[in-house]
Amino acid sequence: MSSACCSASPVAKEHLDHALGSAPATVEPAHHGRGATAGDRADLLVVGRIVTGDPSVPTAEAMAVSAGSIIGIGTKADMDALVGPSTTTISPDGVVLPGLVDPHMHIWTSLLNLTWTELSHRRYPKFDDVVAAVGDVAKKAAPGEWVLGKNFDPSLYPGEPVLTRNALDQVAPDNPVLVMNASGHFFYANSAAFAAAGVTDDTPDPPGGVFGRADGRLNGTIGEPPAMMVMLGPLPKPTPQDIATGVHEILMAAARRGVTSVREAATGSIAGIGEYALLHQLNGAARLPVRVSTAQFSLAGGKSPAEAAADWAAAGVTPFSGDEMVRADAWKVITDGSNQGRSGYFMQPYLGEDTGGKADWTPEGLRGALRVGLDAGWQLMVHTNGDAAVEFALEAAEELLPSYPGTDLRHRFEHASFTTDDQLTRMASVGISPSFLMNHVLFWGAAFRDTILGPDRAGRLDRLASAYAAGLRPSIHSDYNVTDIDPLLSAHTAVFRRLQADGTVLNPAECVTPEQALAAITTHAAWQIHADDRGTLEVGKRADFAVASDDPWSSDPESWPGITFHETYIDGTPAFQA
Ligand SMILES: [Zn+2]
């Protein structure tokens, strides 16, 4: 969903509205840890190979935990004074690491197609294999059962081939097939799907939508939400239980990659306050497997920024409110679209076009959206994808932020995918840190170089090394479900910048050291989500840790994508076990 990334996909909204409409209207934090303060004796002693993430004391033999807080870490002998009769000792089967942090992912917009078959280029590097995969799913399905696919990205295959109605009919003659383009702006369907949706060669296009045709006959491509929603009509609507199950599955998928904290990057985009209230309700029923920091969407529920801000405030959702598992931390504003979807905002035109895209706001509109967040005391989280979007948002920030001095809000630019040296320097001076969607390089780097932007601009993608050099504290993120939550894979990309398409390196000058890459998924990511009590294993921090098959700090970075996670713990309590 790369073009729809961060924004409220109207398709997802339409499909999920009903189930999310039953979300609670009031926010009731569970406070699982309420009243517990750390004592001077450990209730938990973790013994084994411990990696702290703290460069001054990189490893330890034992870690003492009281009421979820680390009260000692060092040698086993160091911990003797902290152990009492009620101390439980565990020896995890693997290396104990600080829990990883994904500082930008999406729960709600990812629910639409959570259970659909993955048809990404990463999974199927050859186009013919995408078609074959659809056929395989259809063969296993009962006649008439829907075959649903997602993340198909024609821009990554030579000649940009699409899935045609005829091709899908051939591999799935007895099942309706609907495949979503990775941009979120197109579906591809077969004859049975059109029949189920009541769409014929003679059906007029709805305003703003297109049923693609060749010689007057539907060709299988369905463009833009008004037409896409027609195709979703016959699908069963998700129930509130489906939503609850989906949220749990998404967070468990993060935990399986060693993650203990995430930032949900557009909370309220579909159902407004209800999304945040529902997270608390789910956490109250059973502690969530991952801590969730939320960015309140400035257009929550389709309202204006001022109306949305008033709604959040009226519901008691103020900066840093919530509890230790679900906390409202930021104000999300989007300034442009997706670069691979050619809707990012650039100073120069896209290859083969005469435009470089446009901003989502007028300059005054953007200032208004940002001011509303700043007035309420929120950290700003501003989606800026193209270099002109960075400039547009930076000019607004440079004008506004001096009027809000003395705060440590750690404002962020999201993706900041293409930046100039000057922009990075100015971001540092105005107090804005970038969070990069690092796997843009791995999956789309060749497309940016060859077909979308050209080699010079493509080299300026995700400038992690330059961000460090400018004195910034950058993080890297998944933007799930644009890419999977897999921080060590993202960190691997940050070190090597190797393209999946051809194995070449995209601008080696932007490769970072292993330590810098790991900081971007631990300490800096934690700092950016205002989780100063996480990111390393040190006295005074929360006992949020993962048990891994190897230590990324001391192993060859080439091996990082193969590191597996057996368990995660939050506040010293198991959150995920394989
Ligand atoms: Zn996003």
Side-chain angles (χ1 to χ4, degrees), residues 1-13 16 101-114 120 150-151 153 180-185 247 250-251 253-254 259 261-270 275-276 290 292-300 329-341 343-345 359-360 369 373 378-386 389-390 393 411-418 432-441 443-444 461-462 474-487 490 520-521 525 528-529:
M1 193 153 13
S2 45
S3 262
C5 131
C6 304
S7 59
S9 157
V11 180
K13 180 169 169 55
L16 299 168
V101 180
D102 187 342
H104 181 141
M105 52 79 74
H106 295 274
I107 292 175
W108 307 106
T109 48
S110 304
L111 285 168
L112 166 68
N113 53 19
L114 182 64
S120 63
K150 65 180 173 184
N151 290 335
D153 192 342
M180 196 171 192
N181 181 293
S183 74
H185 286 263
V247 171
I250 289 168
L251 295 178
V259 171
S261 295
V262 297
R263 159 81 49 92
E264 208 292 324
T267 308
S269 63
I270 294 171
E275 290 172 30
Y276 181 72
V290 173
V292 182
S293 160
T294 63
Q296 318 316 114
F297 193 48
S298 55
L299 303 172
D329 289 334
W331 183 247
K332 178 69 178 292
V333 176
I334 295 176
T335 68
D336 69 340
S338 154
N339 300 330
Q340 58 266 39
S343 56
Y345 179 29
D360 288 357
W378 293 109
Q379 174 193 32
L380 297 180
M381 193 177 180
V382 187
H383 166 118
T384 58
N385 230 332
V390 172
H411 304 301
R412 298 169 41 171
F413 277 3
E414 301 311 301
H415 316 320
S417 305
F418 293 88
I432 292 169
S433 64
S435 186
F436 297 109
L437 200 177
M438 199 67 229
N439 278 334
H440 268 147
V441 171
F443 298 126
W444 288 279
L461 173 58
D462 291 345
S475 72
I476 55 185
H477 64 258
S478 68
D479 206 17
Y480 175 84
N481 63 2
V482 176
T483 68
D484 288 342
I485 298 174
D486 191 347
S490 300
I521 58 170
Q528 285 191 349
I529 67 166

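Sequential numbering from 1 along the given sequence is applied to the chain's residues. Each ligand, and each atom within it, is numbered from 1 in the order the structure gives.
- Its N, O or S atom nearest to the Zn ion (ligand 1) is what matters here, and for D479 that atom is OD1.
- Counting only N and O atoms by type, the side chains of S435 and H104 include no donor and acceptor under 3.5 Å apart.
- Looking only at its N/O/S atoms, H104 has NE2 as the one nearest to the Zn ion (ligand 1).
- Test N439, D153, N339 against W444 for side chain to side chain donor-acceptor pair (under 3.5 Å) and you get one pass: D153.
- In summary, no N, O or S atom of H415 is located under 2.8 Å from the Zn ion (ligand 1).
- The Zn ion (ligand 1) has H106 among its coordinating residues (N/O/S atom, backbone or side chain, under 2.8 Å).
- Taking each heavy atom of I529 and V101 in turn, the nearest pair found is CD1-CG1, 3.8 Å.
- Between the side chains of N481 and H106, no donor-acceptor pair of N or O atoms lies under 3.5 Å.
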